[in-house]
Amino acid sequence: MANNERTTCLVVGGGPAGMVLGLLLARAGVEVTVLEKHADFLRDFRGDTVHASTLTLLDELGLAERFEKVPHRLMDRMMGQLDGGTVQLADLRRLPGAHQHIALVPQWDFLDMIAEAAEEEPSFHLRRNAEVTGLIRDGGRVGGVRYVDRVTGEEHELRASLTVAADGRDSVVRDAAGMVPRSFGVPMDVWWFRLPRHEGDPTGGVGRFSTGHFCVMIDRGEYWQCGYLIRKGSDTALRAAGIEELQRRFAGLLPWMADRVGELKSWDDVKLLDVKLERLRRWDADGLLLIGDAAHAMSPVGGVGINLAVADAVATARLVAPALRDGGVVPRPVLRRVQRRRWWPTALIQGAQRLAHKAILGPAVAASPTASTPNPAAVPMAGMLGHPDGDPLTPAPAASLPLPMRLLQRFPVLQGVPARLVAIGPLPEHAPDWARRSPEQATTPR
């Protein structure tokens with residue numbers, strides 16, 4: 001491979017935004033190259049929720065049959081387990097359209113599926129082990145990137161008519177461009193770890209809330225992917241207490257998991273997710289556009305980050321493809337149209353996340369966890385986010401609930417509101433006509 005090459009559109013980052021954008025532009029006939037830093041997509045920190053809006057997009061792209069072959073689970077209700085019992089927070093069965101659910105799927109499987117479909121387009125190229133080290137500038141314009149092949153150590157330059165940064169919340173491209181996002185304070189970080197899943201466990205997902213405790217567990221079939229919230233900046237001090245502290249806390253919060261917390265042998269088994277909530281004032285420069293977490297890092301609240309990033313990619317492809325199709329430069333006003341379209345749903349969702357941080361999560365992680373281990377008989381099995389009929393759920397007494405939760409229980413129709421906000425979002429994007437395929441077309445190499 002030559003050290004100095006050229007493509008029409010260069011996408012940095014092989015996450016949901018980058019891969020979907022690459023697929024869509026390739027279907028427009030645009031020469032597009034995606035640079036992915038790693039050899040594969042296998043990273044535990046990546047989210048697992050594919051929401052109804054993204055499932056609809058997959059239908060439009062002719063990828064529904066492929067997705068069905070990817071291991072996944074569906075959830076149609078969102079539940080929370082409090083100390084007093086379970087409360088239903090959202091009913092996705094009230095959603096419009098064909099997908100009245102959210103899919104839980106390991107993101108690496110999702111990205112492999114998108115990559116497989118994209119690589120069937122002759123103008124798509126994915127380069128793995130490609131670590132971006134800097135930007136190429138032509139005067140005041142971004143003209144591509146420099147990157148290193150992490151296998152050979154060889155340095156490369158790749159020039160492009162448009163460079164799109166989709167390289168996440170710690171974007172190298174954003175830093176190289178000197179763009180600094182506005183940061184909104186967050187009260188928590190997340191410990192991320194795995195525990196075995198046993199037959200008879202809840203299905204779909206688990207949300208558990210208590211004084212000083214907050215955890216979410218994602219059902220990945222053979223194991224649980226667990227997220228346990230801690231106060232922002234407290235990781236070092238808590239780790240000093242030993243892994244037994246996490247074992248004690250988790251067993252006390254979820255007694256039915258007490259028989260397996262010993263699988264956490266050391267802190268090497270627990271990764272820290274540094275939670276950020278940020279947004280750039282401007283998402284573009286001459287020759288450069290930022291989308292997804294590179295433009296607006298999201299909180300884990302609602303699990304909406306993947307779907308917001310995918311929506312950014314769809315809007316970007318629709319707006320920039322006409323100029324790129326002819327190999328031309330995308331004018332700054334066109335790049336700014338991407339931000340204008342995607343800014344208000346981003347700001348709205350981040351506003352809701354900030355409210356949740358302030359009203360719910362902040363007080364929860366600031367409180368001291370209960371020192372004693374609850375009696376397992378007194379604490380029902382944790383609430384399932386998605387569950388079949390017959391799962392053991394004990395409703396929480398209405399009098400013990402905050403007013404918003406009481407209203408959701410008294411008027412179930414209201415549960416369609418949070419369901420729509422989470423699973424569809426305020427501005428769902430649909431595939432352009434030129435990117436749509438029938439299932440037969442989508443499975444036939446071009």
Side-chain angles (χ1 to χ4, degrees), residues 9 11-13 15-21 24-25 47 49 51-54 56-57 142 162-171 173-186 275-324 330-358 417-418 420-432:
C9 183
V11 181
V12 180
M19 294 305 299
V20 170
L21 177 59
L24 294 177
L25 290 179
T49 54
H51 291 199
S53 56
T54 302
T56 299
L57 176 70
V142 174
L162 175 65
T163 299
V164 179
D167 53 341
R169 61 186 60 215
D170 297 313
S171 171
V173 175
R174 185 183 64 202
D175 291 345
M179 304 170 80
V180 180
R182 177 187 178 187
S183 181
F184 304 98
V186 296
V275 176
K276 296 181 181 180
L277 188 62
E278 300 175 335
R279 188 170 66 241
L280 283 174
R281 176 178 174 272
R282 177 164 291 175
W283 300 5
D284 71 283
D286 197 7
L288 175 66
L289 176 67
L290 293 89
I291 62 173
D293 275 0
H296 48 75
M298 308 301 291
S299 161
V301 172
V304 297
I306 296 174
N307 306 280
L308 203 64
V310 168
D312 283 0
V314 177
T316 299
R318 184 190 308 112
L319 292 168
V320 306
L324 290 173
V330 181
R332 290 287 297 277
V334 174
L335 298 180
R336 288 171 184 164
R337 285 177 61 193
V338 175
Q339 179 177 351
R340 282 201 300 271
R341 179 166 179 83
R342 297 305 310 162
W343 186 90
W344 77 263
T346 299
L348 180 63
I349 293 172
Q350 287 186 327
Q353 291 180 332
R354 293 170 65 191
L355 181 62
H357 291 169
K358 181 177 181 180
V417 176
R420 187 174 187 118
L421 287 175
V422 171
I424 296 178
L427 185 61
E429 301 284 355
H430 294 277

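All values below were derived from every heavy atom in this structure, side-chain atoms included, with hydrogens, water molecules and symmetry-related copies excluded.
Between the CZ atom of Arg282 and the CZ atom of Arg332 there is a distance of 6.0 Å, given to the nearest 0.5 Å. Atoms NE2 and CG, on His296 and Leu277 in that order, are 11.0 Å from each other to the nearest 0.5 Å. Separating the SG atom in Cys9 from the CG atom in Leu24 is a distance of 11.0 Å, to the nearest 0.5 Å. Here the CD atom belonging to Glu278 is positioned 8.0 Å from the CZ atom belonging to Arg169, to the nearest 0.5 angstrom. Leu162 CG to Leu288 CG: the interatomic distance, rounded to the nearest 0.5 Å, is 7.5 Å. For the atom pair Leu308 CG and Leu427 CG, the distance stands at 9.5 Å (nearest 0.5 Å).
At least one donor-acceptor pair under 3.5 Å links the side chain of Gln350 to the backbone N or O of Ala297. Thr49 contributes a side-chain N or O that, together with a main-chain N or O of Gly303, makes up a donor-acceptor pair within less than 3.5 Å. In this structure, Thr56 contributes its side chain and Ala52 its backbone to a donor-acceptor pair below 3.5 Å. In this structure, Asp284 contributes its side chain and Leu335 its backbone to no donor-acceptor pair below 3.5 Å.
Between Asp293 and Lys276 no salt bridge is recorded (no basic side-chain N to carboxylate O distance below 4.0 Å).
Nearest approach of Pro432 to Val314, heavy atoms of both residues: CD-CG1, 4.4 Å. In terms of heavy atoms, Leu280 sits closest to Ala294 at CD1-O, 3.8 Å. Closest approach of Ala17 and Ala313 over heavy atoms only: O-CB, 3.4 Å. Nearest heavy-atom pair across Ala356 and Val301 is CB-CG1, 4.1 Å. Minimum heavy-atom separation, Leu57 to His430: CD1-C, 4.4 Å. Between Val310 and Pro16 the shortest heavy-atom distance is CG2-CB, 3.9 Å.
Among residues two or more places apart in sequence or in another chain, the side-chain hydrogen bond (donor to acceptor under 3.5 Å, both in side chains) test is passed with Arg342 by Asp312, Glu429.
Residues Gln339 and Arg336 fail the side-chain proximity criterion, which asks for heavy atoms closer than 4.5 Å. Taking the side chain as every heavy atom from C-beta outward, Trp283 and Thr316 never approach each other to under 4.5 Å. In this structure the side chain of Leu25 reaches within 4.5 angstrom of the side chain of Val320, judged on heavy atoms.
The 12-atom threshold is not exceeded at CZ of Arg420, counting heavy atoms of other residues, nucleotides or ligands nearer than 6.0 Å.
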Cut-off 3.5 Å, no hydrogens considered: what does the side-chain donor-acceptor table look like for residues 178-186, sequence neighbours left out?
none

